[in-house]
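Heavy atoms only: backbone and side chains are in, while hydrogens, waters and symmetry mates are out.
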Amino acid sequence: MESEPDQEHLEQNLCARAVEEELNKSFNLEASLSKFSCIDLDKELEFRNDLIDDKEFDIPQVDTPPTLESILNETDDEDESFILEDPTLLNVDTIDSHSYDTSSVASSDSGDRANLKRKKKLPDSFSLHGSVMRHSLLKGISAQIVSAADKVDAGLPTAIAVSSLIAVGTSHGLALIFGKDQNQALRLCLGSTSVGGQYGAISALSINNDCSRLLCGFAKGQITMWDLASGKLLRSITDAHPPGTAILHIKFTDDPTLAICNDSGGSVFELTFKRVMGVRTCESRCLFSGSKGEVCCIEPLHSKPELKDHPITQFSLLAMASLTKILVIGLKPSLKVWMTFPYGRMDPSSVPLLAWHFVAVNNSVNPMLAFCRGDMVHFLLVKRDESGAIHVTKQKHLHLYYDLINFTWINSRTVVLLDSVEKLHVIDRQTQEELETMEISEVQLVYNSSHFKSLATGGNVSQALALVGEKACYQSISSYGGQIFYLGTKSVYVMMLRSWRERMDHLLKQDCLTEALALAWSFHEGKAKAVVGLSGDVSKRKAVVADRMVEILFHYADRALKKCPDQGKIQVMEQHFQDTVPVIVDYCLLLQRKDLLFGQMYDKLSENSVAKGVFLECLEPYILSDKLVGITPQVMKDLIVHFQDKKLLENVEALIVHMDITSLDIQQVVLMCWENRLYDAMVYVYNRGMNEFISPMEKLFKVIAPPLNAGKTLTDEQVVMGNKLLVYISCCLAGRAYPLGDIPEDLVPLVKNQVFEFLIRLHSVEASSEEEVYPYVRTLLHFDTREFLNVLALTFEDFKNDKQAVEYQQRIVDILLKVMVENSDFTPSQVGCLFTFLARQLAKPDNTLFVNRTLFDQVLEFLCSPDDDSRHSERQQVLLELLQAGGIVQFEESRLIRMAEKAEFYQICEFMYEREHQYDKIIDCYLHDPLREEEVFNYIHNILSIPGHSAEEKQSVWQKAMNHMEELVSLKPCKAAELVATHFSEQIEVVIAQLQNQLLLFKFLRSLLDPREGVHVNQELLQIPPHITEQFIELLCQFSPDQVIQTLQVLECYRLEETIQITQKYQLHEVTAYLLEKKGDAHGAFLLLLERLQSRLQEMTQQGENTRDDILLKGVEDTMVETIALCQRNSQNLNQQQREALWFPLLEAMMTPQKLSSSAAPPHPHCEALKSLTMQVLNSMAAFIALPSILQRILQDPIYGKGKLGEIQGLILGMLDTFNYEQTLLETTASLLNQDLHWSLCNLRASVSRGLNPKQDYCSICLQQYKRRQEMADEIIVFSCGHLYHSFCLQSKECTLEVEGQTRWACYKCSSSNKAGKLSENPSEDKKGRITSSQVKMSPSYHQSKGDPPARKANSEPVLDPQQMQAFDQLCRLYRGSSRLALLTELSQNRGGDSCRPFAGPQSGPAFNSVFQKENFQLQLAPPPVAEE
């Protein structure tokens, strides 16, 4: 290979220099855009810390490198992960040897686009970024394109390529070359319409790096090369690729002798240009054929001039996008595949896009490939390691809410996207923030659809490629040097990033001053996106932007004053300035320009009084947050006056204490504070301005001392002042400034001494003759003794043990004692606080204070004086605090205990006893203290159960508790019972013996034995003897006879005979009957209740009409109900004769009063009630006694046997009605059960005999069709789930079980998920749906011929096989209770026998085990209500 001659290179260099000079003048970009690439990379390195910091991963290399055709032959998998292939040599000779068809729409991924996209919009921040892009119409070029179409029949524009020149291809085969100067003159018109008629439209253009050569690809497949300096045709290539296909892409590489083309057949070819012996030639090499996957987009990596020595450039990388994959290959030094990346599932109409750009990541510049299809953009960073291998790392992807048709890098941080509705989106790559969107439909963008469909050669392309070509605009958009050119049908537009000044000016022109300031501040802080024109030193950048912001602020202030409404309410003006003035204040403070804020801005805003007021109010939050400390005295003066006028004095006080004292007019502030009682501000000014700490204290004392000395109640304001004074004194003594901050360290000792000297003054300044000594200490003690002493205690903690500090402490303690002890106007609580304070100080190990012990004795006498009963609890609490604080050492303990007992200070006694471990005496303290007496139980329990006490101590407490047991029980029986059960279980009888009061004993035993009382007692561990339980039952009969039966039901340990004697003693007949029944003597219990019923009936019949009739009737009814319940409970276990012995006497007892009353003339008033009760007895006994027996017994009665049946007519008719109702109900129920069972069995039979429909005609295990296998012995098994198997296949999978000698089959697929395919051994344990019971066998397995018998069932006998029996069992289990067949069987037996009543027992012998007598039988029947006549 030989290069072009030197003359040609010289021409190219001259042309390049001329074009570069013109480019420097074009589009008013001056030098900024010519240096754009360098600036872009510098800025990328400057902001590298802000780059995407995702987990980058190096994909490990594989052992066996694939070839390019093997990659193209891979089947697509939508879940295929990112795969990086190792470099490998391509076998160019065999690249066409395989066939792979992707020419149909069905072969590409398809799907519903609406379901595949995440509708997740990017952050909306247009107001923050302003207008990022500037778009302009190239009027000169646009006009000449239209003119060329009209005058020389150039045709419509079809393709554009941009370098130092602009090349536009037309539909009639012409290439128009324009300059990029302001004139946009037509430099060259290459080609002719005659050639265009032969070659077709220009479908692709490419200009090489030095802008010396132009490649034109045509719709009919030809390629031409032109010299852009001379306009000469250098090459016309017609055999570079298969004929009949259009050129979709043609691209120069960085090597001017190497180009890549892509045709509509999906093939990619490498074109090598040579010049041998003066003859220009072109060699073509097929990189791969479109039959292995149609490539529709190619993009070689172009390096910028400053990166020509980058190590990655030696590989001459090429990215290719097919309909299913992305490939990156290296053309040099030999052909290698570096990476493959599958799309996954995509919309088949979406356009694949590729774009390279060099970016700075981790202090190194490397190429990044962006590839996208549909709404997903992936970024791949390509690196070369030291060994020469290339590594690809996947970066953070971008998920959009729109489909893309173009992707363009405008710089390494900013990308421009064009969506399918021709809307432009400017995106910051690292933050994925959308900076701006704009419509470009006015461009009328040219689409390359006709070339992708290859209409010029007859449309011989695949449907998939034609579908992608619907939105293809690859040749209509070209980028160069930070500019993007868009080719329209009649125009050319250029887009570029605005400079930072231009973006701000654009907002200012739209009168968006607030947005302009926000954008400028983002420039100032380095947080703006897509910035052009701001680079270099950070301080210089900030200075430039700050100057521009100051200009805007002046303009903003002028506009705010100018646009202020002149007329209207003052609120409207205030609202206007509240919206505008804070912006000025904010940005002046952000820029740290207080000189500007309080100088020119304040003067300008002061022209308007409302604006001035709003300005002053805006300062408040900054002052309170300490962001604004220093203010000019004039502004501060105006601020105070303004807040005074608006009566916001509290705000003024808060502002003053945050201000620098040098900005305050001290005289003005002090005067205002005194007038308005702003004491915090006053203290602050005195302390900070004059280093004066005592004067504010004197002023505050003058506020609170007079009312305290006069004994008046303080107002709320005076209480607040007193609290402020205490806090102020505390701060001064602790070295802290009030209300915030710290006192200077050199002043701390002086301030402490001054404050102490002030507090211990004998008299105040200007004191009257009547003033008591030490007025300041006295005032503070009266105001809040406890808090003042706390302040002193904290101060004593901070004191160093020097001589002066010790003197001060002793001096103030002596004053406190003198003031409080020698005066009677202090309460016990106040005196106690003082001595508690003293006790704490004296208890310290380094104590140096001295207090006369006699004073403590006086305090003890004062607190324990028995002649004064007032404030008893307060005195006790004060003394307790004093003892706990260490004052115990100041007293004689025996004297203290005597005085405490005398004063009934039981908590003091407890404190002292506990020190001496006399725990038994503490029990007396609790029992004597009415406020804490119930706590004695917990105390005793804790002493006896918690470890840590000696055995002697526990024994003394135990004995003390035993001695006071009666007192404990009377205090709370339930707690006492719990205590006894826990700790005195062996002494229960002793405890019972101590309780002489029977009622108290009853309460104790009930708490101990009755679990319903809620006492937690373990009866098993307690083991109470029976005679104690019987003693409790006897007491229960005395004090609560109504609760005996309920209690007996929960009690366990008692003897029946003795208990029966007790209940008989107290004549509790119902209780006795209950016990007899429990004993097993049901007849004896019945006789007792019957006797009770007869006596009550007799009493009712003998009683005349009076008020007791209702009570007697209620008693009869209750006794009868209990008797009936007794009979019902025991009848089930008795024979017929024994039942009659129970029920007939009861019936006789109820009918006897009616016989007696029937002979008397006047009827008894309760006759009807007795008849109703009698009917209730009859209805109850009818379930156990046969009706004929009842009628026979009634008729045998001598009264009714002599013709007096009319008197029992109602009873008999009622019985007959009940019989008719039950008979009808029985017949109806039997009919319903018969019909239901018939329906169930019919459905079961139909499901068993129904034919099965297989889902497929092949075995689900071997996947062979059932008719292909020729084994005669093989059978076909069909299951009801639709699966079909060969019997041999099922046996091989162990899907058979032998049950009762028969082979049981199970569906392999349906049962494989059940316990890993294992079958249950027990048929009844099979889960529903796992074992398919319905199956059909067909034999033989081959296809049935004419002579073959039809498919037959496995078992032809009319018996249920095991599967059918299992299904029938499952059907029976669906119904609760007894099976319906059992019900029908028993009903048929009863109806065919002598008795027609299913509920009647047999005439003799024990009751047979009937389903109707079972407790869980749910068919509950009842007769209808008796209708009133």
- Does Ile410 offer a backbone N or O that forms a donor-acceptor pair with the side chain of His357 under 3.5 Å? no
- side chain to side chain contact (heavy atoms under 4.5 Å, CB included) between Tyr493 and Phe485, intermediate numbers included: CA-CA 6 Å; Tyr493 283 79; Phe485 295 83; over 6 Å; no
- Task: Return the minimal non-hydrogen interatomic distance between Leu605 and Ala611, and the atom names on each side.
- Result: O-CB, 3.6 Å
- In terms of heavy-atom contacts, Cys588 and Met601 come closest through SG-CG, 4.3 Å
- Task: Answer yes or no: is there a side-chain heavy-atom contact under 4.5 Å between Arg413 and Asp428?
- Result: yes
- Message: Looking at Glu439, I'd like to know if its CD atom is crowded, meaning that more than 12 non-hydrogen atoms belonging to other residues, nucleotides or ligands lie closer than 6.0 Å.
- Response: yes
- Is there side-chain contact between Val635 and Leu616, with at least one heavy-atom pair below 4.5 Å? yes
- Rounded to the nearest 0.5 Å, the CG atom of Leu726 sits from the CG atom of Asn790 at a distance of 10.0 Å
- What's the verdict on ring pair (Phe, Tyr, Trp, His ring centres under 6.0 Å) for Tyr686 and Phe693, showing C-alpha distance, side-chain angles and the deciding distance? CA-CA 7 Å; Tyr686 267 103; Phe693 293 86; over 10 Å; no
- Message: Using 0.5 Å steps for rounding, measure from the CD atom of Gln600 to the CZ atom of Phe554.
- Response: 3.5 Å
- So CG of Leu589 and CD1 of Ile584: to nearest 0.5 Å the spacing works out to 11.5 Å
- Message: Suppose the criterion is salt bridge (charged side-chain N to carboxylate O under 4.0 Å, His left out): which pairs have a residue in residues 597-614, not counting sequence neighbours?
- Response: Asp558-Lys604, Lys612-Asp638
- Item | Under 3.5 Å donor-acceptor, Gln432 side chain and His397 backbone | yes
- Message: Below 30° counts as parallel, above 60° as perpendicular, anything between as tilted: where do the rings of His425 and Tyr401 land?
- Response: perpendicular
- Message: Quick check: do Arg498 and Val532 have side-chain heavy atoms less than 4.5 Å from each other?
- Response: no
- Aromatic ring pairing His524/Trp521, orientation class (parallel under 30°, perpendicular over 60°, tilted between): parallel
- Message: Please enumerate all residues that pass salt bridge (Lys or Arg N to Asp or Glu O under 4.0 Å) together with Lys563, with sequence neighbours excluded.
- Response: Asp511
- Message: For the CG atom on Asp645, are there more than 12 heavy atoms of other groups (residues, nucleotides or ligands in this structure) within a distance under 6.0 Å?
- Response: yes
- Item | Test side chain to side chain contact (heavy atoms under 4.5 Å, CB included) applied to His642 and Glu617, step by step | CA-CA 9 Å; His642 173 74; Glu617 291 173 10; 3.0 Å; yes
- Note on the structure: Of all heavy-atom pairs linking Met573 and Cys564, the shortest is CE-SG, 3.7 Å
Please set out all donor-acceptor pairs under 3.5 angstrom arising from side-chain atoms of residues 698-706, sequence neighbours excluded.
residue : atom : partner : partner atom : Å
Glu698  : OE2  : Arg761  : NH1          : 3.1

- Note on the structure: Rounding to 0.5 Å, atoms CZ (Phe577) and OG (Ser609) come to a distance of 8.5 Å
- Message: Please tell me whether Phe788 and Phe783 form a close aromatic pair, meaning their ring centres lie under 6.0 Å apart.
- Response: no
- For Leu137 and Ser491, the nearest pair of non-hydrogen atoms, with its separation, is CD1-CB, 3.6 Å
- Query: Checking side chain to side chain contact (heavy atoms under 4.5 Å, CB included) for the pair Trp500/Val545: CA distance, chi angles, key distance, verdict?
  - Reply: CA-CA 9 Å; Trp500 71 277; Val545 177; 4.1 Å; yes
- Note on the structure: So CG of Leu750 and SG of Cys732: to nearest 0.5 Å the spacing works out to 11.0 Å
- Message: Quick check against the 3.5 Å criterion: does Gln718 have a side-chain atom that pairs as donor or acceptor with the backbone of Thr715?
- Response: yes
- Between the side chain of Ser142 and the main-chain N/O of Leu138, is any donor-acceptor distance below 3.5 Å? yes
- Query: Side chains of Tyr738 and Lys724: does their closest heavy-atom pair fall under 4.5 Å?
  - Reply: yes
- Query: Heavy-atom distance under 4.5 Å between the side chains of Met504 and Leu519, does that happen here?
  - Reply: yes
- Query: Passes ring pair (Phe, Tyr, Trp, His ring centres under 6.0 Å), Tyr602 versus Phe615? Steps please.
  - Reply: CA-CA 8 Å; Tyr602 183 63; Phe615 175 87; 5.3 Å; yes
- Task: Please report the C-alpha distance between Tyr587 and Thr514 in whole Å, then the side-chain angles of each, then the deciding distance to 0.1 Å, and finally whether the side chain to side chain contact (heavy atoms under 4.5 Å, CB included) criterion is met.
- Result: CA-CA 10 Å; Tyr587 283 109; Thr514 306; 5.8 Å; no
- Nearest 0.5 Å, what's the CG-CD1 distance between Leu400 and Ile427? 6.5 Å
- Item | Expected output: side-chain Glu436 to main-chain Met133 donor-acceptor under 3.5 Å | yes
- Task: Test Glu502 against His506 for side-chain hydrogen bond (donor to acceptor under 3.5 Å, both in side chains), laying out the working first.
- Result: CA-CA 6 Å; Glu502 189 179 355; His506 180 76; over 6 Å; no
- Query: Any idea which heavy atoms bring Trp409 and Ser412 closest together, and the distance?
  - Reply: CZ3-O, 3.7 Å
- Item | Backbone of Leu747 reached by a side-chain donor or acceptor of Glu745 within 3.5 Å | no
- Can you find a pair of side-chain heavy atoms, one from Ile743 and one from Arg736, that are under 4.5 Å apart? no
- Message: Any heavy-atom pair between the side chains of Arg503 and Leu508 that's under 4.5 Å?
- Response: no
- Asn406 side chain reached by Leu417 side chain, heavy atoms, under 4.5 Å: no
- Task: Can you spot which of Thr437, Leu418, Ile440 makes a side chain to side chain contact (heavy atoms under 4.5 Å, CB included) with Lys423?
- Result: Thr437
- Taking all atoms of both residues into account, what is the closest heavy-atom pair of Thr408 and Ser479, and its distance? CG2-CB, 3.6 Å
